[in-house]
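Everything below concerns the one structure shown next.
Letters go in sequence order (proteins before strands), and every chain restarts at 1.
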Amino acid sequence: MATTQSYYLTTPIYYVNDKPHIGHAYTSLACDALARFLRLDGDDVKFLTGTDEHGQKVEKAAKEAGISAQSFVDKMSQPFRALSPAIGFTNDDFIRTTEARHIAAAQQLWRELRARDQIYLGSYAGWYAVRDETYYAESELIDGAAPTGAPVEWVEEPSYFFRLSRWQDRLLSFYDENPDFIAPATRRNEVISFVRGGLTDLSVSRTSFRWGVPVPDDDAHIMYVWMDALTNYMTAVGYPHTDSSDFKKYWPARLHMVGKDILRFHAVFWPAFLMAAEIDPPKRVFAHGWWTNEGEKISKTVGNVIDPLVLIDTYGLDQLRYFLLREVPFGNDGDFSHQAMVNRMNGDLANDFGNLVQRVLAMIQRYCDGRVPLAGPLEDADEALLRSAQNLITPVRDAFLRQAYHEALDDIWRVVRSANVYIDQQAPWKLQKIDANRAATVLYILAEVIRHLALVIQPVTPTAAGKILDQLAVNLADRTFSRIGPVGALESGTLLPEPSGVFPRFTELSIPSGEGGG
RNA sequence: GGCGGAGUAGCUCAGUCGGUAGAGCAGUGGAAUCAUAAUCCAUGGGUCGGGGGUUCAAGUCCCUCCUCCGCUACCA
């Protein structure tokens with residue numbers, strides 16, 4: 001057995017001032033597929049997601065709603081928690097920044113920084129945008145508003161500062177020594193160029209509102225939301241108990257998956273905080289891209305926000321998961337369109353793969369009494385196809401570890417297509433009439449190939465893959481990657497259940513009565 | 001303005017250490033009929049953004065220009 005490795009990966013914690021949309025689902029999906037892959041590969045995985053619940057926006061929204069901030073976030077956090085069962089996310093924990101465990105962790109990190117003179121008290125004055133939770137320089141303002149369009153107000157307050165300026169060189173050498181820390185490469189260049197441009201100390205406390213983690217030993221201040229929020233990644237593995245088994249096992253995190261908009265916080269501030277506290281920084285931050293909707297930028301005001309739950313209703317869960325991971329080189333922006341979705345769902349899933357499974361299982365049912373056929377001597381073509389399926393895990397693993405999901409799926413589909421070529425060349429429906437043993441051999445090879453395909457596609461389309469493995473009578477315990485190859489081979493004579501399609505085609509009849517996306 | 005990335009077949013993109021370009025989809029023609037009207041086979045004369053240079057040879061290196069995108073700065 002391979003040695004078990006621990007792999008801790010996280011989504012950002014989602015800000016509760018919003019409802020879950022396709023962007024949240026996408027980030028979590030990218031983590032989920034990897035988490036599932038690693039578990040099947042025998043790793044000890046911890047996959048974390050959760051909600052970010054502090055900040056002025058929440059405080060204001062709660063006040064406007066006439067409820068306490070706590071009950072506001074209790075309510076708003078719920079849809080994010082509900083996303084996991086809806087989209088099949090297998091997160092091991094769901095953290096909320098309002099939990100006691102987290103407040104203790106954030107305060108401890110603060111104390112560590114304070115004790116090392118990495119935080120000092122000063123004062124801050126500037127244009128502050130509540131909506132963005134950010135200060136802007138005078139020069140950044142456009143017509144008296146933030147570049148984002150958010151209204152700004154002049155705020156002058158005492159503030160604690162983190163000595164970020166001291167970490168410029170350390171960060172640059174850290175990036176240099178860890179070329180895989182920031183992905184994709186183009187984002188890495190951006191971050192490095194930003195840091196090279198010079199870093200100023202970072203304001204890390206606020207006195208203008210109250211909804212946050214109190215600064216230790218100074219009740220007038222609460223912690224800057226990002227310092228609070230980023231700490232969640234450590235909270236969930238036991239911090240401040242650095243001698244706990246979870247912390248030792250899972251920290252530093254192997255991967256923080258983030259949207260490209262919050263890369264800087266993760267790739268600059270976060271490692272600086274950690275190095276300043278003498279804690280190991282995470283291994284990797286991946287900044288993925290955004291989706292557009294039918295070519296249009298998605299925005300709330302335009303009203304073209306995509307609800308992932310609607311897409312699941314329309315196209316199916318596995319279909320959506322497949323589309324999101326296949327359609328776009330991971331890291332790039334992508335466009336969601338009905339046509340593209342249907343092309344993937346029908347072309348790749350239903351026609352190429354689903355139909356392959358169906359025709360093979362149907363022939364086994366008909367020609368072999370519904371039992372796993374007995375293979376005779378193998379010919380070159382048999383061995384070539386079988387080997388390509390058995391070896392598939394290698395490039396697929398390599399792709400997953402680089403978060404190159406599209407490459408992994410491309411590799412898998414190469415084998416799917418080879419199997420379709422093979423079945424046509426061998427024509428078992430003809431062989432059946434002249435050489436039943438040879439037909440049985442061909443069908444056995446195909447069944448084994450399908451077993452391998454189903455095994456490796458599990459992280460992306462877990463439900464359908466499970467159904468295929470059910471139809472091959474593969475035990476639940478035999479669905480890990482340790483069963484790849486002859487060791488897990490189907491046993492001739494095993495009775496198989498009646499096959500039924502796992503990847504339905506999308507037809508206009510598939511459209512539910514309500515309006516679809518839009 | 002600076003830094004970075006990208007401009008390759010109708011569309012989306014691959015193209016390793018330089019050797020006269022590939023995949024998928026779409027289109028066209030054909031085969032087959034086990035299968036979810038699915039599959040398979042055949043078919044791509046693209047000035048590899050423009051121009052110049054190095055080289056026996058450049059999509060692939062150098063210079064320059066154009067366009068688009070990202071990050072960043074500044075003037076206002």
Quote, to the nearest angstrom, the C1' distance that separates B:rC69 from B:rA9.
23 Å

Take atom C1' in B:rG44 and the same atom in B:rU8, then report the distance between them in whole Å.
13 Å

Applying the 3.5 Å cut-off to both distances, the Watson-Crick or G-U partner of B:rC34 turns out to be none

Could you tell me the separation between the CZ atom of A:F194 and the P atom of B:rG70, rounded to a whole number of Å?
18 Å

I'd like to know whether the aromatic ring centres of A:F330 and A:F286 sit less than 6.0 Å apart in this structure.
yes

Atom P, compared across B:rU47 and B:rG1: separation rounded to whole Å:
31 Å

Between atom CD1 in A:I262 and atom P in B:rC71, what is the gap in whole Å?
14 Å

If I take atom CG in residue A:D411 and atom P in nucleotide B:rG24, what distance separates them, rounded to the nearest angstrom?
14 Å

Quick check on the 6.0 Å ring-centre criterion: do A:F273 and A:F162 meet it?
yes

If the C1' atom of B:rG46 is compared with that of B:rC56, how far apart are they to the nearest Å?
26 Å

Strand partner of B:rG70, provided both Watson-Crick or wobble distances fall under 3.5 Å
B:rC3

Under 4.0 Å between any heavy atoms, over every strand shown, what does A:R366 touch: base, sugar-phosphate, or nothing? Just pick one.
sugar-phosphate

With a 3.5 Å cut-off and no angle check, do the side chains of A:S205 and A:Y124 form a donor-acceptor pair?
no

Mind checking whether A:W413 and A:F353 have parallel, tilted or perpendicular rings, split at 30° and 60°?
perpendicular

For B:rU55 versus B:rU20, give the span between their C1' atoms, rounded off to a whole number of Å.
14 Å

Which label fits A:F336 and A:W291: parallel for a plane angle under 30°, tilted from 30 to 60°, or perpendicular past 60°?
perpendicular

For the rings on A:Y315 and A:F323, is their centre-to-centre separation under 6.0 Å?
no

Is there a Watson-Crick or G-U wobble partner for B:rA57 with both distances under 3.5 Å, and which nucleotide is it?
none

B:rA58 to B:rC65 separation - P atoms, rounded to the nearest Å:
23 Å

Of A:P428 and A:N189, whose closest RNA chain B nucleotide lies nearer the 5' terminus?
A:N189

Evaluate the ring planes of A:H266 and A:W226, with Trp represented by its six-membered ring, and classify them as parallel (under 30°), tilted (30 to 60°) or perpendicular (over 60°).
perpendicular

For A:W290 and B:rG70, give me the distance from atom CH2 to atom P, rounded to whole Å.
14 Å

Phosphate-side-chain proximity, A:R344 and B:rG24, N/O vs OP1/OP2 below 4.0 Å
no

Base-pairing assignment for B:rG29 (Watson-Crick or G-U wobble, both under 3.5 Å)
B:rC41

Say you pick atom C1' in B:rU12 and the same atom in B:rG52; how far apart are they, in whole Å?
32 Å

Where does the angle between the aromatic ring planes of A:H21 and A:H24 fall among parallel (under 30°), tilted (30 to 60°) and perpendicular (over 60°)?
tilted

How close do A:L199 and A:Q168 get, counting heavy atoms only, and between which atoms?
N-OE1, 3.5 Å

Separation of B:rG4 atom C1' from A:I182 atom CD1, nearest Å, is 13 Å

Whole-Å distance, A:Y422 OH to B:rA32 C1', equals 18 Å

Pairwise P distance for B:rC61 and B:rC17, with rounding to whole Å
9 Å

B/S/- along nucleotides 36-44 of chain B (protein heavy atoms under 4.0 Å) is B-SBSS---

Over how many whole Å does the gap from A:I450 atom CD1 to B:rA35 atom C1' extend?
11 Å

Under a 3.5 Å limit on both distances, the Watson-Crick or wobble mate of B:rA9 is none

Toward the 5' end of RNA chain B, by each residue's nearest nucleotide, A:E327 or A:E190
A:E327

To the nearest Å, give me how far apart CZ (A:F330) and C1' (B:rU12) are.
18 Å

